[in-house]
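Before any comments, here is the structure.
Since we're looking at a predicted model, the values are computed, not measured. Values below: every heavy atom of this structure, side chains too, minus hydrogens, waters and symmetry copies.
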There are 2 protein chains.
Amino acid sequence: MLFSMSRNPEEPVYNRIEEARLALGLSRQELADKAGVHYQTIGYLEREEYSPSLVLALRIAKTLNQEVSELFSLTPFKKGK
Amino acid sequence: MLFSMSRNPEEPVYNRIEEARLALGLSRQELADKAGVHYQTIGYLEREEYSPSLVLALRIAKTLNQEVSELFSLTPFKKGK
DNA sequence: ATGCTATGTAGCATTAATGCAACATAGCTG
DNA sequence: CAGCTATGTTGCATTAATGCTACATAGCAT
């Protein structure tokens with residue numbers, strides 16, 4: 001109810017949101033609207049400043065037509081896809 | 001830093017954790033240990049009192065050898081598998 | 001009966017996830 | 001140049017996720 005102090009959690013989650021988003025030609029704003037979140041939230045996720053809730057991950061995956069495991073991983077993704 | 005007041009979020013996520021856990025003959029305590037969380041957290045999740053973080057969902061899925069989408073869903077699961 | 005395990009419940013503390021607002025900046029385009 | 005869009009940055013407020021402790025109960029042993 002009072003504080004804050006987030007950005008940069010201890011448990012990182014790697015993702016390919018930006019890749020998948022660009023592949024569909026969407027701006028962050030558009031993706032955010034489709035997923036029902038703030039456009040800055042997409043920015044934070046793409047920069048991996050924090051990891052999404054499962055709900056959000058599921059909505060983003062659905063919006064981008066990807067499996068959750070294709071978009072998010074506990075270990076870094078290899079480069080070219 | 002001060003308050004609380006959770007349990008029962010607005011955005012439910014359905015899951016089959018209990019099914020999958022029992023299928024492997026694990027107790028909540030055992031699953032919790034393997035996934036690195038408190039055993040009560042598993043209880044809350046199975047009772048769907050709240051939805052996990054993506055990190056936790058990924059760890060649980062890995063521990064139970066399931067795809068995230070097989071274990072968690074934004075819409076209710078059909079009965080018998 | 002005693003003890004142990006599995007599970008449900010409740011409360012409190014801490015931290016992460018998210019919204020939002022206000023800027024800054026870079027690239028376009030008219 | 002002015003204006004617009006996309007994106008990055010910072011700060012603050014709110015709420016959810018999680019740990020932990022304690023206690024209750026039910027079942028199954030010994």
Requested in this report: May I have the distance from B/Y50 (atom OH) to C/dG11 (atom P), rounded to whole angstrom?
Outcome: 15 Å

Report summary line: The reported gap from CD in A/Q40 to CZ in A/R47 (rounded to nearest 0.5 angstrom) is 8.0 Å

Query raised in the report: CD of A/Q29 versus P of D/dT5: gap in Å, rounded?
Result: 10 Å

Query - Length of the CG-P vector between A/D33 and D/dA6, whole Å - result: 11 Å

Requested in this report: Could you list by number each residue of residues 52-64 of chain B showing a heavy-atom separation from DNA chain C of less than 4.0 Å, or answer none if no residue does?
Outcome: none

Report task. Quick one, give me the B/S/- string for nucleotides 21-30 of chain D, reading 5' to 3', where B means a protein heavy atom under 4.0 Å from the base and S means that only happens at the primed atoms, P, OP1 or OP2. Result -> BB--------

Report summary line: Separation between CG (B/L22) and CG (B/L31), nearest 0.5 Å, reads 10.0 Å

Report summary line: The reported gap from CD1 in A/I42 to OG in A/S27 (rounded to nearest 0.5 angstrom) is 10.0 Å

Report task. Examine distances only and state if a side-chain atom of B/E46 and a backbone atom of B/G43 form a donor-acceptor pair shorter than 3.5 Å. Result -> no

Query raised in the report: How many angstroms lie between atom CD of B/E70 and atom CG of B/N15, to the nearest 0.5 angstrom?
Result: 13.5 Å

Report task. Could you tell me whether the phosphate oxygens of C/dT18, OP1 or OP2, come under 4.0 Å of any side-chain nitrogen or oxygen in A/T41? Result -> no

Query raised in the report: What's the CD-P distance between B/E30 and C/dA6, to the nearest Å?
Result: 7 Å

Report summary line: Testing D/dA17, D/dT7, D/dG19 for proximity to the side chain of B/V37, the answer is D/dG19

**Report entry** Spacing of B/F77 atom CZ and B/Y14 atom OH [to the nearest 0.5 Å]
**Finding:** 10.5 Å

Query raised in the report: If only side-chain N and O atoms of B/R21 are considered, is one of them under 4.0 Å from the OP1 or OP2 phosphate oxygen of C/dA6?
Result: no

Query raised in the report: Is there a path of hydrophobic side-chain contacts, each under 4.5 Å between heavy atoms of I, L, V, M, F, W or Y residues, that connects A/L71 with A/L26?
Result: yes

Query - Interatomic distance, A/E48 CD vs D/dT9 P [rounded to whole Å] - result: 14 Å

Query raised in the report: Are the side chain of A/S73 and the backbone N or O of A/P76 linked by a donor-acceptor pair below 3.5 Å?
Result: no

Query raised in the report: If you take all heavy atoms of A/V55 and B/S51, which pair is closest and at what distance?
Result: CG2-OG, 3.7 Å

**Report entry** Rounded distance in Å - CG (A/L31) to P (D/dA6)
**Finding:** 13 Å

Query raised in the report: Roughly, in whole Å, what's the span from CD in B/E46 to P in D/dT18?
Result: 14 Å

